[in-house]
Amino acid sequence: MTEIVDGEALAAEIREGVADAVEQFEGEGVTPGLATVLMEADPASETYVEMKQRDCEEVGIDGIHVEVDPDAPAEELHETIRELNEGTAANGILVQMPVPDHVDAQAVQAAVDPAKDVDGFHPENVGRLMSGEPRFRPCTPHGVQRLLADAGVETEGADVVVVGRSNIVGRPLANLLSRRADDGNATVTLCHSRTADLAAHTRRADVVVAAAGVPEMIDAEMVTPDTTVIDVGINRVERDGESTLVGDADFDDLEGYVDAITPVPGGVGPMTRAMLLYNTVKATREQTGVDVSLP
Ligand code: GUN
């Protein structure tokens with residue numbers, strides 16, 4: 001039997017814990033705030049940002065949404081970020097990626113106050129993570145760590161193969177899982193589009209994390225019955241004339257074969273959003289000194 005790892009259920013538990021933390025803040029006269037900033041006119045980004053704002057509302061975080069004209073000069077986005085950095089309403093700031101081509105994404109990430117950088121993308125926070133002292137763990141990698149723990153997958157000594165080397169998922173996750181920590185201590189191999197014989201790596205893995213952005217690329221021939229598959233992919237594809245979402249793992253091929261797998265949707269996606277709320281609470285705690293418990 002393949003365990004279907006339920007990200008919706010775990011995310012709901014974390015949101016409850018966040019709501020408790022928000023109540024503790026309220027008792028001290030503090031309302032945590034999260035600002036989302038959207039510049040790219042992209043339907044998927046618009047949906048993601050709306051969902052993040054809805055999550056804020058559910059747990060009592062003050063959601064602040066700012067849209068910047070996609071054709072405006074980059075300076076307009078920087079001015080928005082400066083105002084949010086300097087103001088007290090937003091404890092966390094998230095600039096939705098991608099940004100338009102004429103805007104330098106790295107400069108944008110570096111412009112966010114690192115104390116409010118709930119994405120964990122600022123170079124200072126990337127450096128802290130690299131040196132083993134993360135302040136804000138990027139939301140998707142943190143969500144994957146929580147899912148593994150919840151599914152009872154021991155990472156210590158495990159062979160983990162991460163497929164995909166993005167700055168948002170693959171690289172920070174490889175770092176976190178190899179860290180000397182209870183939720184780390186894994187032997188991590190970071191594979192990517194130029195890896196020779198990918199299947200030779202995935203077949204000897206205890207855990208495969210599929211985060212390459214390639215629809216259904218991990219199938220049963222690439223894993224064993226003992227493998228846990230964590231699917232980070234969200235790909236919109238046409239199936240039988242209809243648009244549908246699939247992951248980077250071939251769920252239908254793997255269900256019934258592997259030990260455990262996360263579904264798409266309902267696996268990593270909701271966890272990414274839950275960990276953003278977690279980071280917002282953490283940022284608020286550090287900025288205010290009000291010592292609430294984190295879920
Ligand atoms: N676009 C896709 N994923 C992310 C994310 O985790 N954070 C931000 N800011 N933009 C994204």
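Indexing begins at 1, ligand by ligand and atom by atom, following the structure's order.
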Counting only heavy atoms not in Met130, do more than 12 sit closer than 6.0 Å to its CE atom?
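No, not enclosed.
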Neighbouring protein residues of ligand 1 - any heavy atom closer than 4.0 Å:
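Residues near ligand 1: Leu94, Val95, Gln96, Met97, Asp119, Phe121.
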Asp253 (side chain) donor-acceptor with Asp219 (main chain) under 3.5 angstrom
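Absent.
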Within the distance-only criterion (no hydrogens, no angle test), does the side chain of Thr195 pair as donor or acceptor with the backbone N or O of Leu198 below 3.5 angstrom?
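No: the side chain of Thr195 does not pair with the backbone of Leu198.
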Residue pairs involving residues 104-129 (criterion salt bridge (charged side-chain N to carboxylate O under 4.0 Å, His left out); sequence neighbours excluded):
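Every pair satisfying salt bridge (charged side-chain N to carboxylate O under 4.0 Å, His left out) with a residue in residues 104-129: Glu124-Arg128, Glu124-Arg135.
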Does Arg273 count as lying over the ring of Tyr278, i.e. NZ or CZ under 6.0 Å from the six-ring centre, within 45 degrees of the axis?
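No, Arg273 and Tyr278 do not form such a contact.
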Assess whether a salt bridge exists between Glu156 and Arg179, defined as any Lys/Arg side-chain N lying under 4.0 Å from an Asp/Glu carboxylate O.
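Looking at Glu156 and Arg179, the cut-off is not met.
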